[in-house]
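First the structure, in the form of structure tokens, and then the observations on it.
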Amino acid sequence: MIQTQHLYYVVDVDIKSFFDNVSHGKLLKQMWTMGIQDKQLLKIISLMLKAEVAGIGFPEKGTPQGGIISPLLSNIVLNELDWWVASQWETLPTRKIYKGKVLKTGTVDRSSTYVALRKSNLKECYIIRYADDFKIFCRKRSDAVKMFEAVKLWLKERLGLEISPEKSKIVNLEKELFRIFRL
């Protein structure tokens with residue numbers, strides 16, 4: 001996708017102490033909203049989140065680092081971010097309805113919609129994320145800069161999370177690849 005679509009600008013975001021700063025209340029509310037409404041299961045997860053940590057005590061926020069459930073819980077917390085980024089480009093409604101054929105995989109080919117969206121002044125962007133590690137791919141540097149600032153603000157306002165300024169950056173993959181292969 002990167003080379004065929006020329007999405008060389010990458011917003012590489014590192015959330016500062018993500019697993020230490022997840023709000024327990026927000027996480028449980030997100031689970032309920034997603035349809036996980038089994039009160040016994042939510043109580044068990046709540047107890048796991050509040051389990052005593054040796055030498056630290058009982059945490060008021062955060063998920064157990066290294067715990068087998070933590071990557072799953074991070075996916076729940078950041079699910080809203082995925083949908084928000086997708087709403088900025090991928091799933092943005094257009095005035096005209098473009099019919100895409102259904103591919104063998106069962107997904108709908110949205111290439112006609114994307115062609116129309118590219119003619120607009122919108123920021124083309126796609127997110128790739130695993131747990132708390134994510135990258136947003138953009139076509140133009142100006143779009144990457146806007147997305148970087150928007151994501152930083154969104155994470156702070158919606159989830160109370162901050163990014164690590166030392167570890168977060170915008171990278172031009174085309175220049176990086178050229179530099180690597182030139183060596």
Side-chain angles (χ1 to χ4, degrees), residues 1-31 34 45 48-92 122-183:
M1 177 172 86
I2 296 164
Q3 289 184 315
T4 59
Q5 298 299 319
H6 307 289
L7 300 169
Y8 295 119
Y9 292 96
V10 180
V11 179
D12 185 3
V13 176
D14 182 81
I15 300 173
K16 187 186 284 185
S17 302
F18 175 78
F19 290 100
D20 294 332
N21 289 308
V22 170
S23 164
H24 294 171
K26 174 75 173 161
L27 170 60
L28 294 170
K29 186 176 179 182
Q30 286 173 308
M31 292 175 75
M34 290 176 76
I45 291 172
M48 289 173 69
L49 293 170
K50 295 177 188 323
E52 185 175 9
V53 177
I56 296 174
F58 297 94
E60 294 181 23
K61 61 181 180 176
T63 63
Q65 279 198 8
I68 58 171
I69 197 167
S70 292
L72 173 64
L73 296 177
S74 69
N75 283 335
I76 293 169
V77 170
L78 294 174
N79 182 53
E80 283 183 53
L81 173 69
D82 297 342
W83 285 105
W84 178 77
V85 171
S87 76
Q88 302 300 299
W89 173 260
E90 283 183 86
T91 60
L92 194 70
L122 297 170
K123 305 172 292 300
E124 183 174 0
C125 58
Y126 302 90
I127 186 169
I128 297 176
R129 184 179 63 75
Y130 174 75
D132 68 319
D133 185 27
F134 67 94
K135 302 190 182 346
I136 300 172
F137 294 84
C138 302
R139 183 175 304 280
K140 299 185 289 188
R141 178 164 179 77
S142 60
D143 292 348
V145 169
K146 290 174 189 172
M147 282 306 296
F148 183 76
E149 291 303 318
V151 165
K152 184 169 36 172
L153 189 63
W154 192 93
L155 285 169
K156 182 69 175 159
E157 289 178 358
R158 292 288 301 208
L159 302 177
L161 298 169
E162 294 184 28
I163 67 162
S164 170
E166 308 84 37
K167 297 179 182 177
S168 301
K169 59 191 172 288
I170 297 171
V171 178
N172 181 338
L173 289 180
E174 193 172 35
K175 285 185 180 177
E176 284 295 311
L177 289 172
F178 180 75
R179 185 185 64 75
I180 290 169
F181 287 114
R182 198 179 73 202
L183 296 176

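As the structure is a prediction and not an experimental result, all values here were calculated from the model.
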Less than 4.5 Å apart, any side-chain heavy atom of [X] and any of [Y]?
X: T63; Y: I69; value: no
X: P71; Y: Y130; value: yes
X: L155; Y: E162; value: no
X: R141; Y: N172; value: no
X: K123; Y: W89; value: no
X: I15; Y: N21; value: no
X: E60; Y: H24; value: no
X: K26; Y: E80; value: yes

Do you know which two heavy atoms are closest between [X] and [Y], and how far apart they sit?
X: I45; Y: L28; value: CG2-CD2, 4.2 Å
X: G62; Y: L49; value: O-CD2, 3.7 Å
X: E124; Y: D143; value: N-OD2, 3.8 Å
X: V11; Y: C138; value: CG2-SG, 4.5 Å
X: S168; Y: F148; value: CB-CE1, 3.8 Å
X: C125; Y: Q88; value: SG-CB, 4.1 Å

Donor-acceptor under 3.5 Å ([X] side chain, [Y] main chain):
X: R129; Y: A131; value: yes
X: S17; Y: D20; value: no
X: T91; Y: A86; value: yes

How many angstroms lie between [atom1] in [X] and [atom2] in [Y], if you round to the nearest 0.5 Å?
X: L81; Y: N75; atom1: CG; atom2: CG; answer: 11.0 Å
X: Q30; Y: N79; atom1: CD; atom2: CG; answer: 8.0 Å
X: L161; Y: F18; atom1: CG; atom2: CZ; answer: 6.0 Å
X: K167; Y: D12; atom1: NZ; atom2: CG; answer: 11.0 Å
X: Y9; Y: L173; atom1: OH; atom2: CG; answer: 10.0 Å
X: L27; Y: L73; atom1: CG; atom2: CG; answer: 5.5 Å

Hey, is [atom1] on [X] packed in by over 12 heavy atoms from elsewhere, all under 6.0 Å?
X: E52; atom1: CD; result: yes
X: K140; atom1: NZ; result: no
X: I68; atom1: CD1; result: no

Is there a side-chain contact (heavy atoms from CB on, under 4.5 Å) between V85 and F134? Walk through the geometry before answering. CA-CA 11 Å; V85 171; F134 67 94; over 6 Å; no

Is the ring pair W84/W154 parallel, tilted or perpendicular, if the boundaries are 30 and 60 degrees? parallel

Tell me every residue that passes side chain to side chain donor-acceptor pair (under 3.5 Å) with K29, counting only those two or more places apart in sequence or in another chain.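 So K29 forms no side chain to side chain donor-acceptor pair (under 3.5 Å) with any residue.
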
Test log, rule side-chain contact (heavy atoms from CB on, under 4.5 Å), inputs L78 and L159: CA-CA 9 Å; L78 294 174; L159 302 177; 3.8 Å; yes

